[in-house]
Trainee: 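My questions will all concern the structure given below.
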Amino acid sequence: VLTADPARTRLERAEVQLISGTVGDPVVVIDVPGPAIDSPDYVPFMLLTYVLESRRSGAAKELRHAGGTYGIHSNLIDSYPHLTLLELQGQVEPESLEPALRGLIADLRGLATSLQESELAAVKRSTRNGLINWLTANDAVAWLVLNHARRGLGVDHLLDSPNELLQLDLARCREVAQRWLSNAEPSIVVT
């Protein structure tokens, strides 16, 4: 149930749904509610999503090296009213399913303490560069204008967006990870 208060969407315990099939290895989808797009926590939360995607450590790396997955990908879905969803998904060998789920949840919950200045700096830099490059395409500018309107910002803020990313520090991103991820009880679907 989507509410006006994203904190109320948090589950008291993990919710797991299994959908049985006979073709291929199971696909795992883990969703964690996050801040609304107009929240001050949105941009740091977005960067945390990119950190998870860029990491070459943790459960996703172990699964790849063991041949248990083609990769675990993270995505931020910000099209819902009043909340965002951090989604981790990937295809996992059946024998690796339970350890994969436990490891991915541990990675999410541990991000507040494991986040390093160097990886945050790399993600901020690549996100900023990507944003600047995006500003050269009309469809991207239209998307960014819509995104800014949804965040309650004017078009004049568009040119400040790349620098907004650089101003976020490690303490602020760890604070947001602590608030939204450290005690997360995600929804989990295995198909």
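The basis for the numbers below is simple: all heavy atoms, side chains too, and nothing from hydrogens, waters or symmetry mates.
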Trainee: To check you understand the geometry: which heavy-atom pair defines the closest contact between Phe45 and Val176, and what is its length?
Mentor: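 Minimum heavy-atom separation between Phe45 and Val176: N-CG1, 3.9 Å.
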Trainee: Could you list the residues that satisfy side chain to side chain contact (heavy atoms under 4.5 Å, CB included) with Ser126, not counting sequence neighbours?
Mentor: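 For Ser126 there are no side chain to side chain contact (heavy atoms under 4.5 Å, CB included) partners, ignoring immediate neighbours.
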Trainee: Val123 vs Glu119, test: side-chain contact (heavy atoms from CB on, under 4.5 Å). Steps then yes/no.
Mentor: CA-CA 6 Å; Val123 165; Glu119 67 183 335; 5.6 Å; no
Trainee: On a heavy-atom basis, which atom in Pro186 and which in Val32 lie closest, and how many Å separate them?
Mentor: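 Taking every non-hydrogen atom into account, CB-CG2, 3.6 Å.
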Trainee: Less than 4.5 Å apart, side chain to side chain, heavy atoms only: is that true for Leu181 and Arg109?
Mentor: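 Contact flag for Leu181/Arg109 side chains = no.
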Trainee: Applying side chain to side chain donor-acceptor pair (under 3.5 Å), can you list everything that pairs with Ser39, at least two apart in sequence or on another chain?
Mentor: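 With sequence neighbours excluded, Ser39 shows a side chain to side chain donor-acceptor pair (under 3.5 Å) to no residue whatsoever.
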Trainee: Using the side-chain contact (heavy atoms from CB on, under 4.5 Å) rule, take Cys173 and Leu115 through it: C-alpha gap first, then chi angles, then the decisive distance, then the call.
Mentor: CA-CA 8 Å; Cys173 290; Leu115 183 62; 3.7 Å; yes
Trainee: Is it the case that the side chain of Gln167 and the backbone of Glu164 share a donor-acceptor pair, with hydrogens and angles ignored and the cut-off at 3.5 Å?
Mentor: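 No; judged by distance alone, with no hydrogens or angles, the pair does not exist.
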Trainee: Decide whether Leu166 and Leu170 are clustered together by the hydrophobic rule: side chain heavy atoms of Ile, Leu, Val, Met, Phe, Trp, Tyr closer than 4.5 Å, transitively.
Mentor: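 No.
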Trainee: Out of curiosity, Gln89 CD to Asn75 CG, how far, rounded to the nearest 0.5 Å?
Mentor: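 Between atom CD of Gln89 and atom CG of Asn75 there are 7.0 Å.
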Trainee: For Ser114, is there any backbone N or O sitting under 3.5 Å from a side-chain donor or acceptor partner on Gln116?
Mentor: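 Pair found, side chain donor or acceptor close to backbone of Ser114.
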Trainee: Between atom CD of Glu185 and atom CG of Leu108, what is the distance when rounded to the nearest 0.5 Å?
Mentor: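 So the gap between those two atoms works out to 11.0 Å.
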Trainee: For the backbone of Ser74 and the side chain of Glu53, can you confirm whether one donor and one acceptor N or O come within less than 3.5 Å of each other?
Mentor: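 Flag set: sc Glu53 to bb Ser74 pair under 3.5 Å.
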Trainee: Check step by step if side-chain contact (heavy atoms from CB on, under 4.5 Å) holds for Thr127 and Leu47.
Mentor: CA-CA 8 Å; Thr127 303; Leu47 284 178; 4.0 Å; yes
Trainee: Using the side chain to side chain donor-acceptor pair (under 3.5 Å) criterion, which residues pair with Tyr50? Sequence neighbours excluded.
Mentor: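 Partners of Tyr50 by the side chain to side chain donor-acceptor pair (under 3.5 Å) criterion come out as none, since no residue qualifies.
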Trainee: Check whether more than 12 heavy atoms from other residues, nucleotides or ligands sit under 6.0 Å from atom CG of Asn138, and answer yes or no.
Mentor: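 Not buried by this count: 12 neighbours or fewer within 6.0 Å.
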Trainee: Do Leu76 and Leu48 have side-chain heavy atoms sitting under 4.5 Å apart?
Mentor: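 They are not in side-chain contact.
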Trainee: Would the distance check show the side chain of Thr84 and the main-chain N or O of Tyr80 forming a donor-acceptor pair, the cut-off being under 3.5 Å?
Mentor: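 Side chain of Thr84 to backbone of Tyr80, a donor-acceptor pair under 3.5 Å: no, none is there.
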Trainee: Is there any salt bridge (charged side-chain N to carboxylate O under 4.0 Å, His left out) pair reaching into residues 167-178, and which pairs are they, with sequence neighbours excluded?
Mentor: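 Matches after skipping sequence neighbours: Asp41-Arg172, Arg172-Glu175, Glu175-Arg179.
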Trainee: Taking side chain as C-beta onward, heavy atoms only, is Val190 less than 4.5 Å from Leu101?
Mentor: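 Answer yes - side chains close enough.
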Trainee: Check the pair Val29, Leu88 against side-chain contact (heavy atoms from CB on, under 4.5 Å), reporting the backbone distance first and the verdict last.
Mentor: CA-CA 6 Å; Val29 180; Leu88 299 175; over 6 Å; no
Trainee: Quick one: CG on Leu111 to CG on Leu86, what's the gap to the nearest 0.5 Å?
Mentor: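 Rounded to the nearest 0.5 Å, the CG-CG separation comes to 9.0 Å.
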Trainee: I'd like to check Leu168 versus Leu120 (side-chain heavy atoms, cut-off strictly below 4.5 Å). Are they in contact?
Mentor: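 Of all side-chain heavy-atom pairs linking Leu120 with Leu168, none is under 4.5 Å.
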Trainee: Can you pull the salt bridge (charged side-chain N to carboxylate O under 4.0 Å, His left out) pairs that have at least one residue in residues 124-142, sequence neighbours excluded?
Mentor: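 For residues 124-142: none.
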Trainee: Could you give all pairs that pass the salt bridge (charged side-chain N to carboxylate O under 4.0 Å, His left out) test and reach residues 27-38, with sequence neighbours left out?
Mentor: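 Non-adjacent pairs meeting salt bridge (charged side-chain N to carboxylate O under 4.0 Å, His left out): zero.
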